[in-house]
Amino acid sequence: MTTVRHLLTGTELSRDDLLHVLRRAHELKAHDVARGTTPPSHPRSLAGRSVGLIFQKPSTRTRISMEVGVHELGAHPLLLRPDEMQLSRGESVKDTARILSRHVHAVGIRTNEDALLEELAAEGTIPVVNLLTDGHHPCQVLADLLTLQEAFPHRLSDDGGLDDLHLAYVGDGNNVARSLALVGSIAGLRVSVVAPDGYQLAAGETPAELSKDPRAGVAGADCLYADVWVSMGDTDSDERRVALADYGVTDELLDAAGPGAIALHCLPAHPGEEISAEVLYGDRQRIWDQAENRRHAQKALLEWVLRAGPFADAPGTVE
Ligand code: CP
Ligand code: NVA
């Protein structure tokens, strides 16, 4: 029996798997360069399949990039809103997983609890992809790594690894910080998380270096990464804005990083809080490329979980 491939935290990917997915994402992006001029010729490697996309929290980038990406691969995306599903009226995750498994070939879900995702994966027979939970945002990090590879082509290892690069995440130690630490390190990336007391990742939960002082924490970094101070579901917004006030990515902080450092942000942004408008719209950022890369990276990931395209015959590594 073939093991079902999931992406719940991103740690399901071996280094080889991850770098293959990123290589494929670059290839898929190359098919896209004619966007807006001539019709792009996307490989339709998922023709005849359907992918369910459940969003129990708001989304702009993830929803758009997944829906368009699935379509470009020749498959049918089904957008499933919570108020339209019986899940919201008490139908169990177990039964929902069984029904999805009878009709669609993979499901992506954005929800609060990681446990719901795990149950969906355990009770169904199709791949489950995490489109953001309170704990993790692995799809985001696939795009982030792709963007780093594009920004630093001469600093990559022979296999495309990011072993020579240092990313410093500045701000709230949240789902995005955790995924950067977990998934980035699989690709060899050195990740630091710079956060005040009370907002830091737990010591030892990831391979990230944890620190508190913004200027010292970003020293020598090739990339400064920002995310919102108030994530979806956080209720203590005023408190957070006070605690995180010194943890914004600004030109001054970029000056304290390594030479040629770039800024990334998963978006949505709040200019003047976690990132300055000068950085967000300036020439040291790769943020808008990063947002586009969501689609290319997720398309490659879908091929990987569904064993399609270049992954059709590859055994891969799945725990
Ligand atoms: N970065 C990200 O996941 O954006 P959305 O919340 O808009 O999907
Ligand atoms: N940490 C943010 C990421 C948004 C893409 C959140 O969970 O709301």
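All ligand and atom numbering here is 1-based and tracks the order in the structure. Note that the structure is predicted; figures quoted are calculated from it, not measured.
- Atom CZ of R215 has 12 or fewer heavy atoms from other residues, nucleotides or ligands within 6.0 Å.
- A 4.5 Å side-chain heavy-atom check between L201 and N174 finds every atom pair outside the cut-off.
- Contact annotation: the side chain of E91 never approaches that of M85 to less than 4.5 Å [non-hydrogen atoms, C-beta and beyond].
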May I have the N/O to N/O pairs between ligand 2 and the protein that fall below 3.5 Å, each with atom names and distance to one decimal?
from     : atom 1 : to   : atom 2 : distance (Å)
ligand 2 : 1 (N)  : N174 : ND2    : 3.3
ligand 2 : 1 (N)  : N175 : OD1    : 2.9
ligand 2 : 1 (N)  : D227 : OD2    : 2.7
ligand 2 : 1 (N)  : S231 : OG     : 2.7
ligand 2 : 7 (O)  : N175 : ND2    : 2.9
ligand 2 : 8 (O)  : M232 : N      : 2.8

So what's ligand 1 close to, N/O to N/O, under 3.5 Å?
from     : atom 1 : to   : atom 2 : distance (Å)
ligand 1 : 1 (N)  : Q140 : OE1    : 2.9
ligand 1 : 1 (N)  : C266 : O      : 2.8
ligand 1 : 1 (N)  : L267 : O      : 3.0
ligand 1 : 1 (N)  : R294 : NH1    : 3.3
ligand 1 : 3 (O)  : T62  : OG1    : 2.9
ligand 1 : 3 (O)  : R110 : NH2    : 3.0
ligand 1 : 3 (O)  : H137 : NE2    : 2.8
ligand 1 : 3 (O)  : R294 : NH1    : 3.1
ligand 1 : 4 (O)  : R61  : NE     : 2.9
ligand 1 : 6 (O)  : R110 : NH1    : 2.8
ligand 1 : 7 (O)  : T60  : N      : 2.7
ligand 1 : 7 (O)  : R61  : N      : 2.8
ligand 1 : 7 (O)  : R61  : NE     : 3.1
ligand 1 : 7 (O)  : R61  : NH2    : 3.0
ligand 1 : 8 (O)  : S59  : OG     : 2.6
ligand 1 : 8 (O)  : R61  : N      : 3.4
ligand 1 : 8 (O)  : T62  : N      : 2.8
ligand 1 : 8 (O)  : T62  : OG1    : 2.6
ligand 1 : 8 (O)  : R110 : NH1    : 3.4
ligand 1 : 8 (O)  : R110 : NH2    : 3.1

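- Judged purely by atom type and a 3.5 angstrom limit, D236 has no side-chain atom pairing as donor or acceptor with the backbone of E239.
- Both tests do not hold together for R307 against F311: distance to the six-membered ring centre under 6.0 Å, angle to the ring axis within 45°.
- Taking a 6.0 Å sphere around NE2 of H26, one finds it holds more than 12 heavy atoms contributed by other residues, nucleotides or ligands.
- Each of R44, R295, K29 was evaluated against E72; a single residue qualifies, R295, per the salt bridge (charged side-chain N to carboxylate O under 4.0 Å, His left out) test.
- Under a cut-off of 6.0 angstrom, the local environment of CG in D283 is sparse, with at most 12 non-hydrogen atoms contributed by other residues, nucleotides or ligands.
- Counting only heavy atoms from C-beta outward, the side chains of E209 and R190 approach each other to under 4.5 Å.
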